Amino acid sequence: MKRTLYWLNKDLRINDNAALNLASKSEHLLCVYVVDKQCFEGNNFQSKPLGDIRWEFLQGCLDDFNESLLKLGQELYIVYGDTLSTLTRLCENYQITDVITTKLPGTYENRLITQLNERLPELTINQVDQFTLFTKNALPFELDELPVSYSKFRKKMAEVSISKPVPSVQSLPSMFDTLPAPTRFKPEWLPSVSAIKAKQGFEFEGGEEQGLKHLRQYFSSNSPAEYKQVRNNLDGWENSSKLSPWLNSGCISVRQVMNYLTDFEQQQGKNSSTECLYLELLWREYYQWVHYKVGAKTYQFKGLAKNPPLTTFYPERFNKWCLGNTPYPLVNAFMHELRQTGYLSNRGRQIVASCLVNELSVDWRYGAAWFEEQLIDYDAAVNWGNWQYIAGVGVDPRGGRHFNIEKQTKLYDPNGDYQAKWIDQSQQSTQPLDSVDASDWPVLQ
Ligand SMILES: Cc1cc2nc3c(=O)[nH]c(=O)nc-3n(C[C@H](O)[C@H](O)[C@H](O)COP(=O)(O)OP(=O)(O)OC[C@H]3O[C@@H](n4cnc5c(N)ncnc54)[C@H](O)[C@@H]3O)c2cc1C
């Protein structure tokens, strides 16, 4: 008898979920999500893997997915603890024969699968390839031969057709009789999150229902046809798709987004904006495959480069950057927006990352880890890949990006409206950047 455990991760949706479709074919099914304690503990870069804002969003995703499962005769079994020991224990206690999960490029997730397999060699583990637009088998090259630049990747992928979303499941097998009811008990190490006070004028609500609603709304407006002209603006709901939080938690799939985009182009016509939106989704795709290929190098100081960058770690500078207290008002405004809302425009992300690396000479990994904690749409491959790119240790053949902050301010915030929205000018520090040097000695003024 097939007793299946479906380990959910970044696939919290009913629609276009090939892993759930596969799970629906088993005799008994247990749907599990593990909230790992490690996510709330500090890492080597003075940040936590999961901050309050994304955690609140994630809880919305879990509640919504559970409601959908209940309608299909199932329930989401949420367990708080260590992922590997939880999965091992559940598999042993309930004589699980098959584990199904969505394949992810992350080194952490892949290591977990290997360890689970080593502990329980009898187990059949099925990793469903559905986090990306193209499956590995559809790539027109071996992963080892992944093009070293995005433009070459784009050219190669131009000939490959994109699959349609798969049909949704209509019913699911039952849980095991002997299973205790999912616990509603929350351990003391979980942060209690208060509601986000977003001054952006928009809020992201977790869950497939909200994600699909937003997807429909975006593509029933004219915004995709104007995307290219406004995508670099610093502020505003319509300036970009705002799909990233739902996309990265798996409430919607990238195939669904592409399907909407293709329909939009068929009805309204293709233009440079719709093409540009596709190219951004393809950047996301490229970073996923780079991560698959290079693995742990994604997180190393040297990245993909031959030599490490010439930066170091200045605790005081890093702290000021995180808190939005640098000598650069535009950067400060961005950092306030990020901390208060979990979201930042792409241009904002580029400028603050460039500032940390080039103006403040701080090791880029601290910035990437701070983003990991703060971002509501954090994605390992895209975040660390973009940071590497700006730090000059990634896939950029030109080697690094330095944004001129003064020029960017004149271009994108000429009247200071954005800065006024996010910073209280009276609280802006007039102190010099450093009170101590890199080895913690006081700097004499
Ligand atoms: C330093 C840095 C860190 C970043 N970290 C993340 C992250 O953790 N998660 C994340 O989703 N995006 C990240 N981005 C990329 C980008 O800023 C966001 O995807 C985008 O701002 C999300 O808003 P949107 O959905 O409205 O994007 P849109 O402009 O509407 O783009 C549509 C989609 O295309 C993809 N996309 C857009 N820009 C990029 C890009 N530069 N690289 C790869 N994919 C892209 C995203 O999936 C996005 O949802 C980062 C960029 C930088 C410079």
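Every value quoted in this text rests on a predicted model; they were computed, and no experiment measured them. Counting convention: from 1, in listed order, for ligands and their atoms alike. Worth knowing before you read on, the calculation uses all heavy atoms, side chains too, and leaves out hydrogens, waters and symmetry mates.
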Quick one: does Y389 get a heavy atom under 4.0 Å from ligand 1? no
Centroid-centroid distance, F318 to F313, less than 6.0 Å: yes
Taking atom types as modelled, is there a side-chain donor on E359 or H402 under 3.5 Å from an acceptor on the other? yes
Could R349 and Y343 be counted as a cation-pi pair, given that NZ or CZ must be under 6.0 Å from the ring centre and within 45° of the axis? yes
Indicate, with yes or no, if the rings of Y418 and F334 have centres closer together than 6.0 Å. yes
Pick whichever of L279, D377, I376, V382 has a heavy atom sitting closest to atom 9 (N) of ligand 1. D377
Enumerated ligand 1 atoms positioned under 4.0 Å from heavy atoms of W387: 1 (C)
Side chains of D36 and Y108, donor plus acceptor under 3.5 Å: yes
Nearest to atom 3 (C) of ligand 1, what protein heavy atom do you find, and at what distance? N383 OD1, 3.4 Å
Atom 24 (P) of ligand 1 has as its nearest protein heavy atom K242 N, 3.6 Å
Quick one: look at L375 and ligand 1, take heavy-atom pairs under 4.0 Å, and tell me if it's side chain, backbone, both or neither. side chain
Do any nitrogen or oxygen atoms of S345 lie less than 3.5 angstrom from nitrogen or oxygen atoms of ligand 1? no
Would you call D144 and K293 a salt bridge, using N to O less than 4.0 angstrom? no
Heavy-atom contact check, 4.0 Å cutoff: does Y343 meet ligand 1? yes
Any protein heavy atom nearer than 4.0 Å to atom 45 (C) of ligand 1: yes
Looking at V230, N248, L344, L356, the heavy atom closest to atom 11 (O) of ligand 1 belongs to N248
Out of all atoms in ligand 1, which are within 4.0 Å of some heavy atom of L281? Include the element for each. 33 (C), 34 (O)
Tell me, please: is R231 in heavy-atom contact with ligand 1, that is, under 4.0 Å? no
When distances are taken from atom 16 (C) of ligand 1, the protein heavy atom at minimum range is N346 OD1, 3.3 Å
Centroid-centroid under 6.0 Å between W321 and Y366 rings: no
Can you confirm, on distance only, whether ligand 1 has an N/O atom lying under 3.5 Å from any N/O atom belonging to W283? no
Flag Y287 as yes when one of its N or O atoms lies below 3.5 Å from any N or O atom of ligand 1, and as no otherwise. no
Contacting atoms of ligand 1, where contact means under 4.0 angstrom from a heavy atom of S244: 11 (O), 22 (C), 23 (O), 25 (O), 49 (O)
Considering only heavy atoms, does L247 approach ligand 1 within less than 4.0 Å through its side chain, its backbone, both, or neither? side chain
Run the ring-centre check on W384 versus Y299 and record whether the distance is less than 6.0 Å. yes
Suppose I only count heavy atoms of L243 and a 4.0 Å limit; which atoms of ligand 1 are within that range? 25 (O)
Give the numbers and elements of all ligand 1 atoms closer than 4.0 Å to a heavy atom of D379. 7 (C), 8 (O), 9 (N)
Ionic contact status for K410 with E406, cut-off 4.0 Å: yes
Is it true that, when you exclude E280 itself, more than 12 heavy atoms of the residues, nucleotides or ligands shown sit nearer than 6.0 Å to its CD? yes
Quick note on ligand 1: atoms under 4.0 Å from a heavy atom of Y378 include exactly 8 (O)
For atom 6 (C) of ligand 1, find the nearest protein heavy atom and state the residue, atom name and distance (0.1 Å precision). R349 NH1, 3.4 Å
re atom 36 (N) of ligand 1, the protein heavy-atom contact at minimum distance is E280 O, 3.5 Å
Are K242 and H214 side-chain neighbours, meaning at least one heavy-atom pair lies under 4.5 Å? yes
Under 6.0 Å between the ring centres of W237 and F204? yes
Distance filter under 4.0 Å to Y227 heavy atoms, resulting ligand 1 atoms: 28 (P), 29 (O), 30 (O), 31 (O)
For W289, what residues pass the ring-ring contact (aromatic ring centres under 6.0 Å, His included) criterion, not counting sequence neighbours? Y292
Tell me whether R284 forms a cation-pi arrangement with F131, defined as NZ or CZ under 6.0 Å from the six-membered ring centre and within 45 degrees of its axis. yes
Only one of V352, L356, L360 clears side-chain contact (heavy atoms from CB on, under 4.5 Å) with T326; which? L360
Tell me, which protein residue and heavy-atom name are nearest atom 47 (O) of ligand 1, and how many Å apart are they? R284 CD, 3.4 Å
Would you say S241 and ligand 1 have an N/O pair spaced under 3.5 Å apart? yes
Distance to 0.1 Å, residue and atom name: give those for the protein heavy atom nearest to atom 2 (C) of ligand 1. N386 CB, 3.5 Å
